[in-house]
Asker: 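Below is the structure I would like to discuss, written out as structure tokens.
Just so we're on the same page: letters track the sequence lines, and every chain starts at 1. Remember, it's a predicted structure, so these values are computed and weren't measured experimentally. Note: hydrogens, waters and symmetry copies are ignored here, and every other heavy atom, side chains too, is used.
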Amino acid sequence: MSHGPRLDAAFYRADPVSVARRLLGQRLVVVQPDGERLAGLIVETEAYLGVEDKAAHTFGWRRTERNASMFEPGGTAYVFLNYGIHALLNLSTGAAGEPTAVLVRAIEPTEGLPTMFARRAKAKQQTDLGSGPGKLSQALGISLADDGTDTLTSPRLFVERTRGRCLASARIVVRPRIGVDYAGEWAAAPLRFYARGNPHVSRR
DNA sequence: CCTCTGATCTTCT
DNA sequence: GAAGATCAGAGGG
């Protein structure tokens, strides 16, 4: 049910702030090996500006095996392991060679809830399923194996447009990013975006 | 409600 | 050898 057209190259071929804002309200979909669709509306994102952004993995044009996907064309999945435990999902933005990306921080689950609850044994309510980057990966079954996926063509991992329009600015809350205190002045930059009043956001 | 801490392991210095 | 784009549980107020 409620399938929609997939976001295309033009959507991602923009700066990470623009993409982070426009991704709010769109539908993240992961098709399981058995064919089941798991999906949720993106309700929280963070922009990583690359090169000049001290909080980004590509600060100062640093290029490693891990962050290679950030250099890929917009729409490529960049999944990395955080704290040795959690796989965090980003979507690269801009043109090839531009190492920028958007971190998907929270989703509002819409399809495949029973499977998500099974994956996340600790979850007691719906808001425990996707209210954090590590949680949503666990719920949807996203792992390091998904790093490098082209979400413009992949049959497994992609984002669908829910409506012709994006969230109105008045419904978007802008705050500093989370967990980047090490980044000096960049820690305070207003690069976190979330849907105002949505209970599935990772935190206040 | 809040703060503190352990888990766990890849990546980079 | 240290740190990290996190989470969950424990303990105190």
Asker: Any chance the side chains of A/Arg119 and A/Thr115 put a donor and an acceptor closer than 3.5 Å?
Answerer: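 No.
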Asker: Which whole-number value in Å describes the distance from A/Arg66 CZ to B/dC9 C1'?
Answerer: 12 Å
Asker: Might you list the N or O atoms of the protein lying below 3.5 Å from N or O atoms in nucleotides 10-13 of chain C, with each pair's distance?
Answerer:
none

Asker: Which nucleotide in the list C/dT6, C/dA5, C/dC7 gets nearest to the side chain of A/Lys135?
Answerer: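 My answer, after comparing the listed nucleotides, is C/dC7.
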Asker: Quick check on C/dC7: is either OP1 or OP2 less than 4.0 Å from any side-chain nitrogen or oxygen of A/Lys122?
Answerer: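 No.
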Asker: Can you figure out which of B/dT13, C/dA5, B/dT11 approaches the side chain of A/Tyr48 most closely?
Answerer: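 The listed nucleotide nearest to A/Tyr48's side chain is C/dA5.
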Asker: So what does A/Arg177 hit on the nucleic acid, given a heavy-atom distance under 4.0 Å: a base, only sugar-phosphate, or nothing?
Answerer: nothing
Asker: Does A/Arg37 pair with A/Glu160 as a salt bridge, N-O distance under 4.0 Å?
Answerer: yes
Asker: Under 5.5 Å between ring centres and under 30° between planes: true for A/Tyr182 and the base of C/dG4?
Answerer: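 So A/Tyr182 does not count as stacking on the base.
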Asker: Would you mind reading off the distance between A/Asp181 atom CG and C/dT6 atom P, rounded to a whole angstrom?
Answerer: 10 Å
Asker: Answer yes when A/Arg177 and A/Asp53 have at least one side-chain N-carboxylate O distance shorter than 4.0 Å, and no when they do not.
Answerer: yes
Asker: Expressed in angstrom and rounded to an integer, what is the separation of A/His57 atom NE2 from B/dT10 atom C1'?
Answerer: 11 Å
Asker: Establish, for the pair A/Arg161 and A/Phe11, whether the NZ or CZ atom is under 6.0 angstrom from the six-membered ring centre and no further than 45 degrees off its axis.
Answerer: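 Not satisfied by the 6.0 Å and 45° rule.
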Asker: Among the candidates B/dT11, C/dA5, C/dC7, find the nucleotide nearest to the side-chain atoms of A/Asn90.
Answerer: C/dA5
Asker: Using the ring of A/Tyr194 (Phe, Tyr or Trp, six-membered ring only), decide whether A/Arg175 places NZ or CZ under 6.0 Å from its centre and within 45 degrees of its axis.
Answerer: no
Asker: A/Phe80 pairs by side chain to side chain contact (heavy atoms under 4.5 Å, CB included) with which of A/Asp147, A/Leu89, A/Asn90?
Answerer: A/Asn90
Asker: Could you check whether A/Thr100 and A/Thr93, counting side-chain N and O atoms only, form a donor-acceptor pair closer than 3.5 Å?
Answerer: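 The criterion, which ignores hydrogens and geometry beyond distance, is satisfied for A/Thr100 and A/Thr93.
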Asker: To the nearest 0.5 Å, what is the distance between CD1 (A/Ile107) and CZ (A/Arg105)?
Answerer: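 Answer rounded to 0.5 Å: 13.5 Å.
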Asker: Counting the atoms with a prime plus P, OP1 and OP2 as sugar-phosphate, which does A/Leu88 contact under 4.0 Å by heavy atoms, base, sugar-phosphate, or nothing?
Answerer: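 Sugar-phosphate contact only - A/Leu88 comes under 4.0 Å of backbone atoms but never of a base.
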Asker: If you check every side-chain atom of A/Met70, which of C/dA5, B/dT13, C/dT6 has the closest atom?
Answerer: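 The nucleotide sitting nearest to the side chain is C/dA5.
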Asker: Of all the base pairs, Watson-Crick or G-U under 3.5 Å, which form stems of three or more consecutive pairs involving DNA chain B?
Answerer: B:1-7 with C:6-12, B:9-12 with C:1-4
Asker: What's the CZ-C1' distance between A/Arg62 and B/dT11, to the nearest Å?
Answerer: 9 Å
Asker: State which of B/dT11, C/dT6, B/dA7 makes the closest approach to the side chain of A/Ile85.
Answerer: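 Per side-chain heavy atoms of A/Ile85, the pick is B/dA7.
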Asker: Going by atom types alone, do A/Glu44 and A/Ser202 pair a side-chain donor with an acceptor below 3.5 Å?
Answerer: yes
Asker: Take atom CG of A/Leu144 and atom P of B/dT11, then tell me their distance rounded to the nearest Å.
Answerer: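 Computing the A/Leu144:CG to B/dT11:P distance gives 8 Å.
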Asker: If you assign each of A/Leu81 and A/Ala123 to its closest nucleotide in DNA chain C, which residue comes earlier from the 5' end?
Answerer: A/Leu81
Asker: Given C/dC7, C/dA8, C/dG4, identify the nucleotide with an atom nearest to the side chain of A/His86.
Answerer: C/dC7
Asker: How are the rings of A/Tyr78 and A/His57 set to each other: parallel, tilted or perpendicular (split at 30° and 60°)?
Answerer: perpendicular
Asker: Map A/Asn67 and A/Gly84 onto DNA chain B by nearest heavy atom, then report which one ends up closer to the 5' terminus.
Answerer: A/Gly84
Asker: Give a yes/no answer on whether the side chain of A/Arg105 brings an N or O atom under 4.0 Å of OP1 or OP2 in C/dT6.
Answerer: yes
Asker: Name the residue closer to the 5' end of DNA chain C, choosing between A/Tyr78 and A/Arg120 according to the nucleotide with the nearest heavy atom.
Answerer: A/Tyr78
